[in-house]
Trainee: 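One structure coming up, written as structure tokens, with questions to follow.
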Amino acid sequence: MSSIDAFRLSEAAARKYQDHSVPAMFAPLAEATVKRLDLPTNGHVLDVACGTGALTRVIIEHLPGQGRVVGTDLNQSMIDIAQSMTTQTDHRVEWVASDVSVLPFDAQSFDLVCVQQGLQFFPDKPAALSEIFRVLKSGGRLSLTCWRAISPFNDALAEALATHVSDDAAQKARAPFSFRDGDVITSLLRDAGFSITSHDSIVLQRRFEDLSAQVLALPVEQDMRAKGEAVIDQVLEDIAARLAPYVQDGVFIVPQEAHFFVATRP
């Protein structure tokens, strides 16, 4: 399996992502990100690794004037769901399945490019950032979020998986947090030609009203199911015990922190 194929998702996996991960995590992160951005009037905006369009939809809602908003993702399954959720707007909206390393857009096409929790999954990060730099206009900006630390939830999940399932499954649980060194990200951006405009953090309070549903919506579901229902119950009980300090009124509310970079193409 190639490094690209490892990130291709089935239609069922994409639907679970939209139904569980987006409302719990990616939609709140999108709202927090757009609040920090000065969206350009009549701007042309590209959302790279857009998934099912959580951030793209918030951009469409808040972009002033009549602009162009493009969502692109490696997975056609994600793009299909994003397209099905598009509502009427004055903006020109496009959805494109594409590898970030070979974006199908002309040079200097966009005023703003956004990457929400995608950089850590790009197999060739310098090539991806070089492509993003290419499609940005001079003076255009890159908005980038990447997890800053392993969240207490994912740490609890990984420990439970290591105990009851496998080390490989535990590694999958930690994968989204595998690229979190702010200095390394800064160096990558500068090496690609960007000037760092700002580097801040966003802290989410992730709610787990149905812990089982959210855990079983993750890529480790298959690893857990291969071990049987009894093991799934053990994993869920273990996670719940580890997250006991985060219970509020019967709901787990767990902090999750992200880097928030804004970089400019000179």
Trainee: Kindly give the heavy-atom pair with the smallest separation between Cys50 and Ile79, and that separation in Å.
Mentor: SG-CD1, 3.8 Å

Trainee: Are any side-chain N or O atoms of Asp111 and backbone N or O atoms of Gly140, one a donor and one an acceptor, separated by less than 3.5 Å?
Mentor: no

Trainee: Quick one, Phe122 and Val48 - any side-chain contact, counting heavy atoms below 4.5 Å?
Mentor: yes

Trainee: Answer whether the closest heavy-atom distance between the side chains of Ile185 and Cys146 falls below 4.5 Å.
Mentor: yes

Trainee: Closer than 3.5 angstrom, by distance alone: can the side chain of Ser130 be matched with the main-chain N or O of Pro126 as a donor-acceptor pair?
Mentor: no

Trainee: Does Lys172 pair with Asp223 as a salt bridge, N-O distance under 4.0 Å?
Mentor: yes

Trainee: Taking atom CD as the centre, does Gln171 end up with more than 12 heavy-atom neighbours from other residues, nucleotides or ligands that are less than 6.0 angstrom away?
Mentor: no

Trainee: Within the distance-only criterion (no hydrogens, no angle test), does the side chain of Asp181 pair as donor or acceptor with the backbone N or O of Val184 below 3.5 angstrom?
Mentor: yes

Trainee: For the residue pair Val203 and Pro255, what are the closest heavy atoms and their distance?
Mentor: CG1-CB, 4.4 Å

Trainee: Taking atom types as modelled, is there a side-chain donor on Asn154 or Ser151 under 3.5 Å from an acceptor on the other?
Mentor: yes

Trainee: Could you state the interatomic distance from CG (Leu112) to CG (Leu142), rounded to the nearest 0.5 Å?
Mentor: 8.0 Å

Trainee: Please tell me if the side chains of Val69 and Arg92 come closer than 4.5 Å, counting only heavy atoms from C-beta onward.
Mentor: no

Trainee: Are Val100 and Leu189 grouped together when hydrophobic residues (ILVMFWY) are joined by side-chain heavy atoms under 4.5 angstrom apart?
Mentor: yes

Trainee: What heavy-atom pair brings Ala169 and Val165 nearest, and what distance separates the two atoms?
Mentor: CB-CG1, 3.9 Å

Trainee: Do Lys137 and Phe110 form a cation-pi contact, if we require the NZ or CZ to be under 6.0 Å from the six-membered ring centre and within 45 degrees of the ring's axis?
Mentor: no

Trainee: For residues Thr264 and Ser195, is any side-chain donor paired with an opposing acceptor at under 3.5 Å?
Mentor: no

Trainee: Please check if the distance between the ring centroids of Phe133 and Phe194 is under 6.0 Å.
Mentor: yes

Trainee: Using every non-hydrogen atom in the two residues, find where Ser98 and Pro104 come nearest and quote the distance to one decimal.
Mentor: OG-CD, 3.1 Å

Trainee: Quick one: CD on Glu257 to CZ on Arg180, what's the gap to the nearest 0.5 Å?
Mentor: 11.5 Å

Trainee: side-chain contact (heavy atoms from CB on, under 4.5 Å) for Arg265 and Gln108? Distances and angles first, verdict last.
Mentor: CA-CA 10 Å; Arg265 171 177 175 165; Gln108 301 199 39; 3.5 Å; yes

Trainee: Mind checking what makes ring pair (Phe, Tyr, Trp, His ring centres under 6.0 Å) contact with Phe261, not counting sequence neighbours?
Mentor: His199, His259

Trainee: Using 0.5 Å steps for rounding, measure from the CE atom of Met25 to the CZ atom of Phe208.
Mentor: 7.5 Å

Trainee: Mind checking the CG-CG spacing from Asp80 to Asn75? Nearest 0.5 Å is all I need.
Mentor: 10.0 Å

Trainee: Kindly indicate whether the side chain of Lys227, heavy atoms from C-beta on, has any atom under 4.5 Å from the side chain of Ile232.
Mentor: no

Trainee: Counting distance only, does the side-chain N/O of Thr86 pair as donor-acceptor with the main-chain N or O of Ala82 below 3.5 Å?
Mentor: yes

Trainee: Which pair of heavy atoms, one from Leu63 and one from Gly67, lies closest together, and at what distance?
Mentor: CD2-CA, 4.2 Å

Trainee: Step by step, would you call Leu119 with Phe121 a side-chain contact (heavy atoms from CB on, under 4.5 Å)?
Mentor: CA-CA 5 Å; Leu119 179 64; Phe121 299 110; over 6 Å; no

Trainee: Between Thr72 and Val96 (side chain of the first, backbone of the second, donor and acceptor by atom type, cut-off under 3.5 Å), is there such a pair?
Mentor: yes

Trainee: Please check: side-chain N/O of Asp124 versus main-chain N/O of Ala127, any donor-acceptor pairing under 3.5 Å?
Mentor: yes

Trainee: Under a 3.5 Å distance rule, please check whether Ser109 uses its side chain to pair with a backbone N or O of Phe105 as donor and acceptor.
Mentor: no

Trainee: With clusters defined by side-chain heavy atoms of hydrophobic residues (ILVMFWY) lying less than 4.5 Å apart, directly or transitively, does Leu157 cluster with Ile150?
Mentor: no

Trainee: Please report, to 0.1 Å, the donor-acceptor pairs under 3.5 Å made by any side chain of residues 234-251, with sequence neighbours excluded.
Mentor:
| residue | atom | partner | partner atom | Å |
| --- | --- | --- | --- | --- |
| Asp238 | OD1 | Arg242 | NE | 2.6 |
| Asp238 | OD2 | His164 | NE2 | 3.1 |

Trainee: Measure the spacing between CD of Gln120 and OG1 of Thr145 and express it to the nearest 0.5 Å.
Mentor: 8.0 Å

Trainee: Are Val45 and Val70 packed together at the side-chain level, in the sense that at least one heavy-atom pair is separated by less than 4.5 angstrom?
Mentor: no

Trainee: Side chains of Trp147 and Gln117: do they bring a donor and an acceptor to under 3.5 Å?
Mentor: yes

Trainee: Show the numbers, then the answer: is there a side-chain contact (heavy atoms from CB on, under 4.5 Å) between Phe260 and Leu37?
Mentor: CA-CA 11 Å; Phe260 173 55; Leu37 284 174; 4.1 Å; yes

Trainee: Linking I/L/V/M/F/W/Y whenever their side-chain heavy atoms sit closer than 4.5 Å, directly or via other members, would Leu161 and Phe177 fall into one cluster?
Mentor: no

Trainee: Given side chains that start at C-beta, do those of Gln205 and Val254 come closer than 4.5 Å, heavy atoms only?
Mentor: no

Trainee: Just do the side-chain contact (heavy atoms from CB on, under 4.5 Å) check on Ser143 and Thr33 with the steps written out, would you?
Mentor: CA-CA 8 Å; Ser143 166; Thr33 298; 3.8 Å; yes

Trainee: Considering all heavy atoms of both residues, which atom of Asn42 and which atom of Gln66 are nearest to each other, and what is their separation?
Mentor: OD1-N, 2.7 Å

Trainee: Are side-chain heavy atoms of Ile132 and Arg134 found at a separation under 4.5 Å?
Mentor: no

Trainee: Let me confirm one number: the CD-CG distance from Gln76 to Leu74, rounded to the nearest 0.5 Å.
Mentor: 10.5 Å

Trainee: If you apply the rule salt bridge (charged side-chain N to carboxylate O under 4.0 Å, His left out), what do you find for Arg225 with Glu221, and how did you get there?
Mentor: CA-CA 6 Å; Arg225 292 205 181 280; Glu221 176 196 9; 2.7 Å; yes

Trainee: Mind checking whether Met85 and Leu55 sit in one hydrophobic cluster, side chains of I, L, V, M, F, W, Y counted as touching below 4.5 Å?
Mentor: no

Trainee: So, the side chain of Arg57 versus the backbone of Thr52: is there a donor-acceptor pair under 3.5 Å, distance only?
Mentor: yes

Trainee: Please identify which of these residues, Glu209, Arg206, His20, Lys16, meets the side-chain hydrogen bond (donor to acceptor under 3.5 Å, both in side chains) condition with Gln214.
Mentor: Arg206

Trainee: When hydrophobic residues are tied together by side-chain contacts of less than 4.5 Å, even through go-betweens, does Leu204 share a cluster with Tyr17?
Mentor: yes

Trainee: Any salt bridge between Arg174 and Glu159, counting N to O under 4.0 Å?
Mentor: yes

